[in-house]
Enquirer: 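Okay, handing you the structure first.
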Amino acid sequence: MLRIPEHQVAGHYADGDKAGPLVDDRGRFYKPLQGDERGVKEVAFYESFSSNHEIPQNIRKFFPVFHGTEAIEASNGSGPQPHLVLEDVVANHQNPSVMDIKVGARTWYPQASEDYFRKCIEKDRGSTTMELGFRVSGLKVYGKGSSGIWKPGKKFVQSFTRKDVKLVLKNFVSSNLPTGSSLNPRPDCCFASTVYGGILFQLLELKKWFETQTMYHFCSSSVLLFFGQGSSLAQVKLVDFAHVIDGDGVIDHNFLGGLCSLIKHLSDILDEAGKGNE
Ligand SMILES: O=P(O)(O)O[C@@H]1[C@@H](OP(=O)(O)O)[C@H](OP(=O)(O)O)[C@H](O)[C@H](OP(=O)(O)O)[C@H]1OP(=O)(O)O
Ligand SMILES: Nc1ncnc2c1ncn2[C@@H]1O[C@H](COP(=O)(O)OP(=O)(O)O)[C@@H](O)[C@H]1O
């Protein structure tokens, strides 16, 4: 039975006439192919990546498993439409807290059209992308026990400043959640060491690969950080490959720089949480 995912935090949602992703009970995530070149490019990336023998095993695990494409009934009732069939990366987590972070100090790339460049640069300037090398695109956090869910709205997320982002990263691993369009100025960071400890380990593994890989440039891609309630481990995955371009033998310093900045932010939170426990 296909349904709209409860755990989607960014990107194009199923909304009225607009088709959005679907999930099933077998742990698959169906992403509608965007009608323009984006859909074609994302399929091309997954086909290239999944058959690329130069991808180390420890890196492959950071990407959703690709199960090809399939025409399935779209969420907007428009009949069978082509979808990417991917592993639903959060399927095994109970009540997953999820954050989508778009990595890189720029989301555009030289080959992009003038219109796309303008759209991107406006968003990059108006968010923390240029300043921090990443921006939070969306998140959903489960509180402890009955303390509810926090899923800030799109407009509020788009307004996050550098200071807000530091606080959001803390709120993500806290039990005293804010409500609506607000941030808790005194987050307890009670899950910081377990969640960010595990996430940092994985981000450092990814960083090591980005220090040498010159095959792909991940423009406008995101890291998805998530953890479930209970004993499941925090995980990192990469998503959104509609704008991946050929690396052409050059380091993806845009993504690498953003990753380093994110690592620094999370390390600082871990250090602070450690000091609080001394
Ligand atoms: O449509 P919107 O306003 O949700 O914008 C999408 C973005 O959402 P955001 O504004 O960052 O929350 C969206 O960003 P996320 O993937 O949500 O981080 C993309 O930038 C998307 O463009 P493209 O598919 O990468 O070319 C953007 O889609 P298009 O406007 O290019 O269709
Ligand atoms: N393979 C996946 N498994 C689970 N959730 C996913 C997966 N891919 C994407 N998502 C969810 O959907 C959101 C949007 O995905 P994305 O690929 O960025 O779409 P778009 O191209 O519309 O921006 C992500 O922020 C995440 O919450």
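Please read these numbers as outputs of a predicted model, since none were measured by experiment. Counting starts at 1 for both ligands and their atoms, following the listed order.
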Enquirer: I'd like to know if Lys237 contacts ligand 2, where contact means a heavy-atom distance under 4.0 Å to any ligand atom.
Expert: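 The answer is no: ligand 2 sits nowhere under 4.0 Å from a heavy atom of Lys237.
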Enquirer: I'd like to check whether Glu42 has a polar contact with ligand 2, where a contact means an N/O of the residue lying under 3.5 Å from an N/O of the ligand.
Expert: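 No, Glu42 has no N/O under 3.5 Å of an N/O on ligand 2.
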Enquirer: List the steps, then state whether ring-ring contact (aromatic ring centres under 6.0 Å, His included) holds for Phe210 with Phe218.
Expert: CA-CA 10 Å; Phe210 273 94; Phe218 292 87; 5.5 Å; yes
Enquirer: Within ligand 2, which atoms have a heavy atom of His7 less than 4.0 Å away?
Expert: 4 (C), 5 (N), 27 (O)
Enquirer: Counting heavy atoms only, which of Phe66, Phe29, Tyr13 comes nearest to atom 6 (C) of ligand 2?
Expert: Phe29
Enquirer: Apply the test salt bridge (charged side-chain N to carboxylate O under 4.0 Å, His left out) to residues Lys119 and Asp115: give CA-CA distance (whole Å), side-chain angles for both, the deciding distance (0.1 Å), then the verdict.
Expert: CA-CA 6 Å; Lys119 192 187 87 169; Asp115 280 356; over 6 Å; no
Enquirer: With atoms numbered from 1 as shown, which atoms in ligand 2 lie under 4.0 angstrom from a non-hydrogen atom of Lys31?
Expert: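 Those atoms are 16 (P), 17 (O), 19 (O), 20 (P), 21 (O).
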Enquirer: Give me the ring orientation class for His243 and Tyr109: parallel if the planes are under 30° apart, tilted from 30 to 60°, perpendicular past 60°.
Expert: tilted
Enquirer: Considering only heavy atoms of Asp88, which atoms of ligand 2 have at least one such atom less than 4.0 Å away?
Expert: 3 (N), 4 (C)
Enquirer: Going by the atom numbers of ligand 2, which of them fall below 4.0 Å from some non-hydrogen atom of Val239?
Expert: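 Close to Val239: 8 (N).
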Enquirer: Please check if the number of heavy atoms outside Arg60 that lie under 6.0 Å from its CZ is greater than 12.
Expert: yes
Enquirer: For Asp100, which part has a heavy atom under 4.0 Å from ligand 2: side chain, backbone, both, or neither?
Expert: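 The side chain, only.
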Enquirer: Hey, mind stepping through Phe45 and Tyr216 against ring-ring contact (aromatic ring centres under 6.0 Å, His included) and telling me if it holds?
Expert: CA-CA 9 Å; Phe45 168 76; Tyr216 304 107; 5.2 Å; yes
Enquirer: Check whether more than 12 heavy atoms from other residues, nucleotides or ligands sit under 6.0 Å from atom CD of Glu6, and answer yes or no.
Expert: no
Enquirer: Output the list of atoms in ligand 2 that are nearer than 4.0 Å to some heavy atom of Glu87, sorted by atom number.
Expert: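 So the atoms of ligand 2 that pass are 1 (N), 2 (C), 3 (N).
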Enquirer: Check whether the side chains of Asn171 and Ser174 place a donor and an acceptor atom closer than 3.5 Å, and report yes or no.
Expert: no
Enquirer: Looking at ligand 2, would Arg38 count as a contact under a 4.0 Å heavy-atom criterion?
Expert: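 In this structure, Arg38 fails to qualify as a contact of ligand 2 - no heavy atom is under 4.0 Å.
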Enquirer: Which label fits Phe227 and Phe191: parallel for a plane angle under 30°, tilted from 30 to 60°, or perpendicular past 60°?
Expert: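 If you compare the ring of Phe227 with that of Phe191, the planes turn out tilted.
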Enquirer: Run the salt bridge (charged side-chain N to carboxylate O under 4.0 Å, His left out) test on Glu122 and Arg118 for me, step by step, so that the C-alpha distance in whole Å, both residues' side-chain angles and the decisive distance to 0.1 Å come before the verdict.
Expert: CA-CA 6 Å; Glu122 203 174 305; Arg118 282 189 198 290; over 6 Å; no
Enquirer: Return a yes/no value for Val9: is any of its N or O atoms, backbone included, closer than 3.5 angstrom to an N or O of ligand 2?
Expert: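 So ligand 2 has an N or O lying under 3.5 Å from an N or O of Val9.
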Enquirer: Which part of Pro64 is near ligand 2, with near meaning a heavy atom under 4.0 Å away: side chain, backbone, both or neither?
Expert: side chain
Enquirer: Output yes when the distance from some N or O of ligand 2 to some N or O of Leu224 is under 3.5 Å, and no in every other case.
Expert: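 The answer is no, given that Leu224 and ligand 2 share no N or O pair closer than 3.5 Å.
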